[in-house]
Amino acid sequence: MKVSPSLLSANFANMLPDLEMINRSESDYLHMDIMDGVFVPNISFGFPVMKSVSKICNKPLDVHLMIVEPQKWISQVRDCGAEIMNVHQEACLHLHSCVQQIHSAGMKAGVTLCPATPVSTLEDIIADVDLVLLMSVNPGFGGQPFIRHTLKKTRELRSLIEQTGSKAEIEIDGGVNLQTGQELADAGADILVAGSFVFGAKNPEETISELKKLK
């Protein structure tokens with residue numbers, strides 16, 4: 001299992017120790033949630049923070065844009081060192097064009113679905129994306145309980161990927177712990193985003209290692 005700890009749950013007053021922990025850990029990515037207070041009811045951090053983080057963190061940045069009109073910011077995301085740019089299906093009027101632009105900028109393209117958005121909306125784009133992020137909580141805040149319906153959506157998405165021959169990986173964000181992580185692994189998930197479960201743990205590095213062992 002790949003693990004992408006969410007910076008949203010780090011100590012914003014002093015992120016350096018948390019970033020150094022991520023560097024030492026077995027994590028595969030660092031997940032960064034960019035929120036605009038419009039698409040989601042919260043504001044997190046922007047490009048100056050991303051750029052500063054990219055200079056310290058040696059893990060690839062997995063950037064999740066919870067914003068309206070994400071296509072306007074592709075070059076800025078790239079210039080901040082992102083390897084993956086995730087955009088919401090619900091926020092993109094011309095999703096295929098946005099995915100093409102992300103690829104042209106040299107990044108992997110991810111598409112995110114909110115809990116109420118069906119997997120079937122991806123049928124015409126699944127072959128073109130590198131990753132699909134299923135939100136297992138409502139986007140905008142950390143620490144929410146896991147939405148159980150996500151397990152069904154994960155199985156549906158795995159089936160769609162296999163049927164179409166897509167190379168897309170399945171990422172899950174929200175309410176992830178060892179129990180839900182194992183259930184998601186069984187359903188076909190490839191990457192787990194974990195925020196409070198990692199950064200709130202007594203031993204975050206060990207917690208990341210335990211998530212990595214899930215199969």
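Side chains included, hydrogens not; waters and symmetry mates left out as well; all remaining heavy atoms used.
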Scan side-chain atoms only and decide if E205 and S25 contain a donor-acceptor pair under the 3.5 Å cut-off.
-> no
Tell me, do [X] and [Y] make a side-chain contact under 4.5 Å, heavy atoms counted?
X: T150; Y: I172; value: yes
X: D28; Y: P60; value: no
X: L7; Y: L30; value: yes
X: T154; Y: L134; value: yes
X: L157; Y: I126; value: yes
X: E90; Y: T121; value: no
X: K202; Y: T207; value: no
X: R158; Y: D190; value: yes

Could you measure the distance from the [atom1] atom of [X] to the [atom2] atom of [Y]? Nearest 0.5 Å is fine.
X: F199; Y: I22; atom1: CZ; atom2: CD1; value: 4.0 Å
X: M32; Y: S4; atom1: CE; atom2: OG; value: 10.5 Å
X: C98; Y: I74; atom1: SG; atom2: CD1; value: 4.5 Å
X: E20; Y: C57; atom1: CD; atom2: SG; value: 11.0 Å
X: T117; Y: K153; atom1: OG1; atom2: NZ; value: 6.0 Å
X: Q76; Y: K51; atom1: CD; atom2: NZ; value: 10.0 Å

Determine the interplanar angle of the H88 and H64 rings, folded into 0 to 90°, and report it as parallel if under 30°, tilted if 30 to 60°, perpendicular if over 60°.
-> parallel
Shared hydrophobic cluster, [X] / [Y] (ILVMFWY, side-chain heavy atoms < 4.5 Å):
X: L214; Y: V176; answer: yes
X: L8; Y: I43; answer: no
X: L151; Y: M1; answer: yes
X: I67; Y: M85; answer: yes
X: L93; Y: V68; answer: no

Can you name the nearest heavy-atom pair linking [X] to [Y], along with the distance?
X: L61; Y: M50; value: CD1-O, 4.3 Å
X: I170; Y: G188; value: CD1-O, 3.6 Å
X: P115; Y: N138; value: CG-OD1, 3.7 Å
X: C114; Y: P139; value: SG-CG, 3.7 Å
X: Q71; Y: Q101; value: O-OE1, 4.3 Å
X: S6; Y: V193; value: CB-CG1, 3.9 Å

If we ignore hydrogens and angles and just use 3.5 Å, is the side chain of [X] paired with the main-chain N or O of [Y] as donor and acceptor?
X: N23; Y: N58; result: yes
X: S196; Y: S9; result: no
X: S44; Y: D33; result: yes
X: S104; Y: Q100; result: yes
X: D18; Y: M21; result: no
X: S97; Y: H94; result: no

For F146 and L184, what are the C-alpha separation, side-chain angles and deciding distance, and is it a side-chain contact (heavy atoms from CB on, under 4.5 Å)?
-> CA-CA 11 Å; F146 180 75; L184 288 163; 3.9 Å; yes
Test L211 against V198 for side-chain contact (heavy atoms from CB on, under 4.5 Å), laying out the working first.
-> CA-CA 9 Å; L211 288 169; V198 167; 4.2 Å; yes
Going through the checks in order, is the salt bridge (Lys or Arg N to Asp or Glu O under 4.0 Å) test met by E171 and K2?
-> CA-CA 9 Å; E171 184 174 35; K2 294 180 181 179; over 6 Å; no
Determine, step by step, whether H96 and D128 satisfy the side-chain contact (heavy atoms from CB on, under 4.5 Å) criterion, reporting the C-alpha distance in whole Å, the side-chain angles of both residues, the deciding distance to 0.1 Å, and the verdict.
-> CA-CA 8 Å; H96 187 271; D128 300 292; 3.7 Å; yes
From V87, V63, N86, I34, residue fulfilling side chain to side chain contact (heavy atoms under 4.5 Å, CB included) relative to P70 = V87
Among V77, D130, I84, find the one that has a side chain to side chain contact (heavy atoms under 4.5 Å, CB included) with M107.
->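 Result for side chain to side chain contact (heavy atoms under 4.5 Å, CB included) with M107: V77.
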Could you please spell out the steps behind the side-chain contact (heavy atoms from CB on, under 4.5 Å) verdict for S159 and E162?
-> CA-CA 5 Å; S159 178; E162 292 175 354; 5.5 Å; no
Greater than 12 external heavy atoms within 6.0 Å of D124's CG =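 Count not over threshold, so no.
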Going by the salt bridge (charged side-chain N to carboxylate O under 4.0 Å, His left out) test, name the single residue among R78, K108, K59 that passes it with E83.
->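 The option that passes is K108.
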